[in-house]
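Comments concern the structure below.
In what follows, every chain begins at residue 1, and chains take the letters A, B, ... in the order their sequences are listed.
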Number of protein chains: 2
Amino acid sequence: MDISNLVQDIASNCIKVQKKTFLPGSVITTYMEKRKQICILLEGRAELIRYDLKGNKDIIERFNKNAIFGEVFHHVNTNNELFVLATKKCEVLLFLYDDIRVKCRRNCSFHTSLVSNLLELILNNTISQNTRIEILSKRSIREKLLSYFNILSKKAYSKNIILPFSLTSLADYLSVDRSAMMREIKNLIDDGIISKDGNKIKLLY
Amino acid sequence: MDISNLVQDIASNCIKVQKKTFLPGSVITTYMEKRKQICILLEGRAELIRYDLKGNKDIIERFNKNAIFGEVFHHVNTNNELFVLATKKCEVLLFLYDDIRVKCRRNCSFHTSLVSNLLELILNNTISQNTRIEILSKRSIREKLLSYFNILSKKAYSKNIILPFSLTSLADYLSVDRSAMMREIKNLIDDGIISKDGNKIKLLY
DNA sequence: TATTTTCTGTTGCAATTGCAACATTTTTTA
DNA sequence: TAAAAAATGTTGCAATTGCAACAGAAAATA
């Protein structure tokens, strides 16, 4: 999908869509009840975070290019605020869901196209979410790892896969303790189920 | 959201949207690569299932009224087929994503409205998914339970909550062993954090 | 290039969890 | 309403996991 056309259109159209730049460390948005904001990350990297009761920083999600996020996608409560922080320089499209939904009824072609683009972005997001849920549903670290490796393998049409992020991030994604995950990876290697060279994994079954 | 208008419209319109009835036990759809089907459950109850390597029936998701599902939402592989089975009598709307996406560009008001409705359904689905992911991300059964109870409590604006499904289903939803969950619920009661009467839970903090 | 930060890898230990196997109660179905 | 099925509740035990605390390698930054 190409969002650049969309951005072009926006420049010459009516609804309240903002394009903004955020420097690393700055707050792109906060989620608070009933604002229904949608953001599209055109460029850069950001994190959805929350500070828990003990004051620990809790990274809930990481966003890369083409990610779509915002409070419309979350059940937000007043007493646990969520922030989106830029971790690299970000270009972001910001608008309100209601602006899209309501004005669409006027049958303006631009909005139709925006909704259609939106649909595609959200759909991609949904697929990733379903994948993650399926992995998180597994009961053991071993099953989580294998399930994740299988998905990567099928996407790549190969038994040789390259982890798209660091092992530390992988542990976050699988939502398990990193050292326990490392131990389990070692077990998988010892059991002859996989082999590993850096961030390259080979499935041996 | 009211989907009945949408269904009415469909009767008098052009795209290939089917409305079908399924009896309990029958297969509503199977997910196979690259068909991009979308289904909306107007009435009834269904389950997304898979048979794992050992032949165990694996319930991946449960669908109720207004649920939206279909292979567009999943990364599907040829060798692990997914089925949607009706568990009660179901009324289902079936169509292909591409039929919606492509014809929308012709700027027909019905399709615009369908896409807009679709957007809303998918958005609801995304919110549920994010909620579930947040819960599944917790490392212990206790945290999972509390996190889930909190969400229910905030939705209900009350410390008194009613579980929307059985404890057995709750264990499935949290993706933990049922007996271990029961034990942890007892611990929460013993520690004076919650009280419980049947499917009614009271948060004591 | 030197220094700081992040990432990888490892281990012991205690706590949590899944599993299996029950009895009992409630709900559904014939 | 009787019988079957599903849900609840409980427990011991073994396996898995998280946690803490390291050391060394690699990457990022000044």
Side-chain angles (χ1 to χ4, degrees), chain A residues 23-25 44-45 47 52 54 56-59 62 86-89 135-148 162-191 193-201, chain B residues 23-25 44-45 47 52 54 56-59 62 85 87-89 135-148 162-191 193-201:
Chain A
L23 295 177
R45 190 174 289 230
E47 286 174 349
D52 69 14
K54 300 166 202 154
N56 298 320
K57 187 176 164 183
D58 216 4
I59 298 171
R62 280 172 225 268
T87 50
K88 297 196 175 172
K89 192 183 169 191
I135 292 168
L136 290 179
S137 298
K138 303 290 186 218
R139 303 278 168 97
S140 65
I141 295 181
R142 176 177 281 235
E143 276 184 297
K144 284 182 177 131
L145 282 168
L146 287 178
S147 159
Y148 180 65
I162 297 173
L163 299 178
F165 37 52
S166 71
L167 292 170
T168 302
S169 299
L170 177 59
D172 280 348
Y173 180 76
L174 303 181
S175 204
V176 297
D177 180 75
R178 187 190 60 81
S179 67
M181 184 194 79
M182 297 296 283
R183 177 168 42 205
E184 200 52 40
I185 287 177
K186 217 182 83 182
N187 290 343
L188 285 170
I189 294 170
D190 291 350
D191 293 353
I193 296 170
I194 63 165
S195 66
K196 173 173 177 295
D197 174 27
N199 65 342
K200 295 192 193 69
I201 304 279
Chain B
L23 296 176
R45 192 175 288 231
E47 285 175 348
D52 68 14
K54 300 165 204 156
N56 299 319
K57 186 176 163 183
D58 215 4
I59 299 170
R62 279 171 226 269
L85 280 183
T87 51
K88 298 197 172 171
K89 191 182 170 191
I135 292 167
L136 291 180
S137 297
K138 304 289 186 219
R139 304 278 170 96
S140 66
I141 294 182
R142 176 176 281 237
E143 278 183 297
K144 283 181 177 131
L145 283 168
L146 288 177
S147 158
Y148 180 65
I162 297 172
L163 298 179
F165 37 52
S166 71
L167 292 169
T168 303
S169 300
L170 178 58
D172 280 349
Y173 179 77
L174 303 181
S175 204
V176 297
D177 180 74
R178 187 189 59 81
S179 66
M181 186 195 77
M182 298 296 282
R183 178 167 42 204
E184 200 53 41
I185 287 177
K186 217 182 81 181
N187 291 343
L188 285 170
I189 295 170
D190 291 349
D191 294 352
I193 296 169
I194 64 167
S195 67
K196 174 173 176 296
D197 174 27
N199 65 342
K200 295 191 194 69
I201 304 280

Open item on the list: Expressed as a whole number of angstroms, how long is the span from A:Leu163:CG to C:dG9:P?
Closed with: 11 Å
Open item on the list: Starting the side chain at C-beta, find the nucleotide from D:dG18, C:dG18, C:dT8 nearest to A:Met182.
Closed with: C:dT8
- [ ] Side chain of B:Ser166 only, please: which of D:dT16, D:dT8, C:dT17 is the nearest?
- [x] D:dT8
Task: B:Phe165 CZ - D:dT8 P separation (whole Å) - done: 11 Å
- [ ] Grab the two heavy atoms, one from A:Ser175 and one from B:Leu136, that are nearest each other, plus how far apart they are.
- [x] OG-O, 4.4 Å
- [ ] Rounded off to whole Å, could you give me the CG-to-C1' distance for the A:Asp177 and C:dT10 pair?
- [x] 12 Å
TODO: Please state how far atom CG in B:Leu188 lies from atom P in C:dT17, giving the value in whole angstrom units.
DONE: 11 Å
TODO: Indicate whether OP1 or OP2 belonging to C:dT8 is found under 4.0 Å from a side-chain N or O atom of A:Lys186.
DONE: no
Task: Evaluation steps, side chain to side chain contact (heavy atoms under 4.5 Å, CB included), between B:Met181 and B:Ile185 - done: CA-CA 6 Å; B:Met181 186 195 77; B:Ile185 287 177; 4.0 Å; yes
TODO: State which of C:dG18, C:dT16, D:dC19 makes the closest approach to the side chain of B:Arg183.
DONE: C:dG18
- [ ] Report yes if a side-chain nitrogen or oxygen of B:Thr168 is closer than 4.0 Å to either non-bridging phosphate oxygen (OP1 or OP2) of D:dT8; otherwise report no.
- [x] yes
Task: Residue A:Ser179, side-chain atoms from C-beta onward, closest of D:dT10, C:dT10, C:dG18 - done: C:dT10
TODO: Using the closest heavy atom to pick a nucleotide of DNA chain D for each, name whichever of B:Ala180 or A:Arg139 lands nearer the 5' end.
DONE: B:Ala180
Task: Check ion pair B:Arg142-B:Asp191 (N to O, under 4.0 angstrom) - done: yes
TODO: Figure out the CD/C1' separation between A:Glu184 and D:dT16, and round it to whole Å.
DONE: 8 Å
TODO: Using atom CD1 of B:Ile141 as one end and atom P of C:dA15 as the other, report the distance to the nearest whole Å.
DONE: 17 Å
Open item on the list: Please report the interatomic distance CZ(B:Arg62) to OH(B:Tyr173), rounded to the nearest 0.5 Å.
Closed with: 12.5 Å
Task: hbond_proxy A:Arg178 side chain to D:dG18 base (donor-acceptor, 3.5 Å cutoff) - done: no
Open item on the list: Once you apply a heavy-atom cut-off of 4.0 Å, does B:Lys144 come out as touching a base, just sugar-phosphate, or nothing?
Closed with: nothing
Task: Euclidean distance, A:Lys138 NZ relative to A:Glu143 CD, rounded to 0.5 Å - done: 6.0 Å
TODO: Would you please confirm or rule out a distance under 4.0 Å between OP1 or OP2 of D:dG9 and any side-chain N or O of B:Lys196?
DONE: yes
Open item on the list: Checking contacts here: which listed nucleotide (D:dG9, C:dG9, C:dT17) is nearest the side-chain heavy atoms of A:Leu167?
Closed with: C:dG9
Task: Atom pair distance, as rounded to whole Å: NZ in B:Lys138 and P in C:dT17 - done: 14 Å
Open item on the list: Nearest whole Å is fine: how far is C:dG9 P from A:Asn199 CG?
Closed with: 10 Å
